[in-house]
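Working notes, structure below.
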Amino acid sequence: TGGQPIVYFNDTSVNISSWDRNFSSIILCNADNSIINNITWDIGSGYATPIFLSRTDNTNITNINMTYAFEPIYLYFSHSNILENLTISNNTDDAINIYNSNNNTIINLTSRNNGQRGITFTAAENNTIDYSLFENNLDGVVLYFDGGSIIRNSRIQDNTDSGIRL
């Protein structure tokens with residue numbers, strides 16, 4: 001954890017704003033209608049998941065800049081969230097992993113130079129990616145057992161294995 005605390009919330013309407021590298025992970029569990037805004041994270045270790053949502057719906061994650069984590073953002077059984085204005089680069093694994101989470105919207109994501117995928121959807125449906133860039137990752141966008149998701153107004157380029165993997 002780089003000597004930083006793991007922060008855990010199990011309450012609705014949590015508001016986390018302007019935290020700059022003073023945590024190793026923010027975990028929201030059943031914390032619907034929350035806000036995570038204006039976060040810069042660069043711990044340099046590559047072994048943390050800085051933002052983890054579990055069973056958390058209708059949450060806004062905005063204005064995030066993350067480098068050198070393991071898997072910067074993970075949504076697990078979390079629905080109808082908005083992720084907007086994110087820059088995620090130079091991480092060990094996937095920039096964003098969305099597992100069994102439906103109806104999420106990703107707007108203006110820059111996912112660059114990550115060790116694995118720019119974003120992965122697994123057993124996720126009806127998610128939308130808009131105005132995003134996936135560049136120099138192993139794979140740009142991966143859709144496993146995904147249905148009805150939309151990618152539009154986005155660039156997927158110069159990824160090592162594939163731009164979009166189904």
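Atom set for the values below is all heavy atoms of this structure, side chains included, hydrogens, waters and symmetry mates excluded.
A donor-acceptor contact shorter than 3.5 Å links the side chain of S149 to the backbone of N127. At least one donor-acceptor pair under 3.5 Å links the side chain of T56 to the backbone N or O of A31. In this structure, the side chain of T67 does not engage the main chain of N90 through any donor-acceptor pair within 3.5 Å. Distance alone, capped at 3.5 Å, is enough to place a donor-acceptor pair between the N102 side chain and the E125 backbone.
To the nearest 0.5 Å, atom CG of residue D130 and atom OG of residue S154 are 6.0 Å apart. Annotation: the span from I64 atom CD1 to W41 atom CH2 amounts to 12.5 Å, rounded to 0.5 Å. Here the OH-CD1 distance, from Y131 to I106, works out to 15.0 Å after rounding to the nearest 0.5 Å. Atoms OG and CD1, from S78 and I61 in turn, are 8.5 Å apart once rounded to the nearest 0.5 Å. Between the SG atom of C29 and the CZ atom of R55 there is a distance of 8.0 Å, given to the nearest 0.5 Å. Annotation: the span from I88 atom CD1 to E71 atom CD amounts to 10.5 Å, rounded to 0.5 Å.
N81 pairs with exactly one of N104, N103, D57 by the side chain to side chain donor-acceptor pair (under 3.5 Å) rule, that one being N104. Under the ring-ring contact (aromatic ring centres under 6.0 Å, His included) test applied with F52, the options F77, Y74, Y8 reduce to a single match, Y74. When each of T12, N33, L75, L53 is tested with T59 by the rule side chain to side chain contact (heavy atoms under 4.5 Å, CB included), just one qualifies, namely L53.
Using a 4.5 Å heavy-atom threshold, the side chains of V141 and I156 count as touching. L83 has its side chain out of reach of T105: every pair of non-hydrogen atoms, C-beta onward, lies at least 4.5 Å apart. Between M66 and I39 the shortest side-chain heavy-atom distance falls below 4.5 Å. Using a 4.5 Å heavy-atom threshold, the side chains of N113 and N137 count as separate. Looking at I96 and L109, their side chains come closer than 4.5 Å, going by heavy atoms from C-beta outward. I151 places a side-chain heavy atom less than 4.5 Å from the side chain of I164. The shortest side-chain heavy-atom distance between N85 and T62 does not fall under the 4.5 Å cut-off.
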Pair V14-I35, side-chain contact (heavy atoms from CB on, under 4.5 Å): steps then yes or no: CA-CA 6 Å; V14 173; I35 295 170; over 6 Å; no
Set out, in order, the CA-CA distance, both residues' side-chain angles and the distance that settles side-chain contact (heavy atoms from CB on, under 4.5 Å) for I26 and I16, then state yes or no. CA-CA 9 Å; I26 297 171; I16 300 168; 3.5 Å; yes
Should N97 and I119 be marked as a side-chain contact (heavy atoms from CB on, under 4.5 Å) after you check the CA-CA gap, both sets of side-chain angles, and the distance that decides it? CA-CA 6 Å; N97 197 327; I119 191 167; over 6 Å; no
Could you go step by step and tell me if Y144 and T120 meet the side-chain contact (heavy atoms from CB on, under 4.5 Å) rule? CA-CA 8 Å; Y144 294 127; T120 297; 4.0 Å; yes
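N38 and S18 share a donor-acceptor pair across their side chains, judged by distance under 3.5 Å alone. Counted by atom type alone, D139 and N159 present zero donor-acceptor pairs between their side chains at under 3.5 Å.
For D32, the salt bridge (Lys or Arg N to Asp or Glu O under 4.0 Å) test picks out no residue, with sequence neighbours left out.
Ring geometry for Y99 versus Y76: interplanar angle under 30°, hence parallel rather than tilted (30 to 60°).
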